[in-house]
Participant: 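The structure follows.
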Amino acid sequence: MLKQRIITAAWLAPLTLLGLFGLEGIPFALFTAVVVLLAGWEWTRLAGLESPRCRGLAVAALGGAMLLLGLAGSTQAIWPLYLGALGWLLNLYWVTGYPARSAQWHSTGARLAMGAWVLLPTWVGFSVLRESGAVWLLFVLLLVWGADIGAYFVGRALGRRKLAPSVSPGKSWEGVAGGVLVSALLAVLFAAWQGLGVIGGLVLLAVTIVVTLASVLGDLLESMLKRHRGLKDSSQLLPGHGGILDRIDSLTAAVPLFALLHLGVS
């Protein structure tokens, strides 16, 4: 398994960096659209669809919605990000109430709708951040990765109080605090690098903390859906690493929210 993980990472990491930072405009939108559509294929499984035909139709519908957004010029609009933010408030309500509130979203239709308000704003968020400058796209990626690393090591060393035992028993409040600390330090470094000043730095720090907490929710949402379906991974598209959603679950919450807050303060 370790060998397979290394092999997959060896080609996946440079491909991802090339796509995210080597492309702009329409090529970038197409690259991120492919990632989102692959995640959408996995989401149909989490939603309870089993037939390849039904799953394909659901992904085609997602692709059609993305095409309409692109043709309407809404990949740089703020309203899909507001839609995503409202959706994540509902996701928070469901995650914190699992399994008692699962009857509210257990139907396939509800879970497909959930996927729409998670994945479409993610795609728009990537486009907004790329157009605003690659540095902010880099920042949100480092924020999520740093928070994950901080949460892992602090949680392993100090984790005592469970964050959401019915959803993800391995996560702890101490781990969340460790993740927030790492991302806060990153925000301070970025504020100094970009010359944001005291006020700008404090704003970035506040945004960073909120987005870091949202990234935790993104992870918990996918964990909830997998637990509901009795699945370990969203798919096996990435040998040794699970599926696309397993790699971007935190980003699906962090990217659109950071893009929304970035547009709001810029």
Side-chain angles (χ1 to χ4, degrees), residues 15-44 47 55-91 109 111-144 190 194 196 200 203-204 207-208 210-211 214-215 217-218 221 244-245 247-266:
L15 176 63
T16 301
L17 293 175
L18 177 63
L20 291 177
F21 299 105
L23 301 176
E24 296 182 67
I26 292 178
F28 177 85
L30 291 175
F31 173 79
T32 51
V34 171
V35 175
V36 169
L37 288 173
L38 289 173
W41 172 260
E42 296 174 344
W43 195 286
T44 60
R55 295 178 69 185
L57 288 173
V59 172
L62 176 64
M66 294 167 72
L67 179 61
L68 290 175
L69 284 175
L71 292 176
S74 296
T75 55
Q76 296 299 312
I78 198 169
W79 69 263
L81 304 177
Y82 276 117
L83 173 65
L86 291 174
W88 278 106
L89 288 176
L90 188 54
N91 294 342
R111 280 178 282 169
L112 288 175
M114 187 192 299
W117 72 59
V118 167
L119 296 176
L120 286 173
T122 298
W123 183 57
V124 173
F126 269 112
S127 295
V128 167
L129 292 177
R130 187 65 181 89
E131 287 300 315
S132 66
V135 65
W136 293 115
L137 177 58
L138 175 64
F139 175 74
V140 74
L141 292 174
L142 291 177
L143 181 159
V144 170
F190 256 73
Q194 294 296 303
L196 298 183
V203 170
L204 180 61
V207 168
T208 295
V210 172
V211 172
S215 74
L217 176 60
L221 178 69
I244 300 293
L245 276 172
R247 303 277 66 82
I248 69 167
D249 51 3
S250 298
L251 290 171
T252 60
V255 165
L257 181 58
F258 186 82
L260 175 62
L261 295 175
H262 178 71
L263 285 178
V265 300
S266 61

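Residue indices begin at 1 and follow the sequence shown. Keep in mind it's a predicted model, so treat the numbers as computed, not measured.
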Participant: Could you tell me the separation between the CG atom of Leu57 and the CG atom of Leu62, rounded to the nearest 0.5 Å?
Facilitator: 12.5 Å
Participant: With Ile244, which of Val36, Leu38, Val34, Leu37 fulfils side-chain contact (heavy atoms from CB on, under 4.5 Å)?
Facilitator: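 Going through Val36, Leu38, Val34, Leu37 one by one, the side-chain contact (heavy atoms from CB on, under 4.5 Å) with Ile244 is satisfied by Leu38 alone.
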Participant: Can you tell me how far CG of Leu138 sits from CG of Leu129, rounded to the nearest 0.5 angstrom?
Facilitator: 11.0 Å
Participant: Which atoms form the tightest heavy-atom contact between Leu245 and Ala39, and what is the distance?
Facilitator: CD1-O, 3.5 Å
Participant: Can you name the closest pair of heavy atoms from Gly125 and Val255 and give their distance?
Facilitator: C-CG1, 3.6 Å
Participant: Grab the two heavy atoms, one from Ser74 and one from Val124, that are nearest each other, plus how far apart they are.
Facilitator: O-CG1, 3.9 Å
Participant: Here's one to test your reading of the geometry: is the NZ or CZ of Arg111 within 45 degrees of the ring axis of Trp43 and under 6.0 Å from its centre?
Facilitator: no
Participant: Around atom CD of Gln76, are there more than 12 heavy atoms from other residues, nucleotides or ligands closer than 6.0 Å?
Facilitator: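 Count over threshold, so yes.
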Participant: When you measure from the side chain of Arg130 to the backbone N and O of Leu137, does any donor-acceptor pair fall under 3.5 Å?
Facilitator: no
Participant: Around Leu67, counting heavy atoms of other residues, nucleotides and ligands shown, do more than 12 lie under 6.0 Å from its CG?
Facilitator: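 Yes, the 6.0 Å shell around CG holds more than 12 heavy atoms from other groups.
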Participant: Measure the spacing between OG1 of Thr32 and CG of Leu23 and express it to the nearest 0.5 Å.
Facilitator: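 Spacing of OG1 (Thr32) from CG (Leu23) equals 9.0 Å.
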Participant: Would you give the length of the straight line joining atom CG of Leu86 to atom CH2 of Trp117, rounded to the nearest 0.5 angstrom?
Facilitator: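 Taking CG in Leu86 and CH2 in Trp117, the distance rounds to 10.0 Å.
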Participant: Where is the tightest heavy-atom contact between Val128 and Ala259, given as atom of each residue plus distance?
Facilitator: CG1-CB, 4.0 Å
Participant: Heavy-atom count around Tyr82 OH within 6.0 Å, excluding the residue itself: above 12?
Facilitator: no
Participant: Going from CD on Gln194 to CG on Leu204, what distance comes out if it is rounded to the nearest 0.5 angstrom?
Facilitator: 9.5 Å
Participant: Just by distance, do the side chain of Ser215 and the backbone of Ser250 share a donor-acceptor pair under 3.5 Å?
Facilitator: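 No, Ser215 side chain to Ser250 backbone: no donor-acceptor pair under 3.5 Å.
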Participant: Over all heavy atoms of both residues, which pair between Ala85 and Leu260 is shortest? Give the atoms and the distance, please.
Facilitator: CB-CD2, 3.9 Å
Participant: Nearest 0.5 Å please: distance from the CG atom of Leu81 over to the CG atom of Leu120.
Facilitator: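 Answer rounded to 0.5 Å: 11.0 Å.
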Participant: Which pairs with one or both residues in residues 122-141 pass ring-ring contact (aromatic ring centres under 6.0 Å, His included), sequence neighbours excluded?
Facilitator: Trp136-Phe139, Trp136-His262, Phe139-Phe190, Phe139-Phe258
Participant: Can you give me the closest heavy-atom contact between Pro256 and Pro121, atom names plus distance?
Facilitator: CB-O, 3.5 Å
Participant: Any side-chain heavy atom of Phe21 sitting closer than 4.5 Å to one from Leu141?
Facilitator: yes
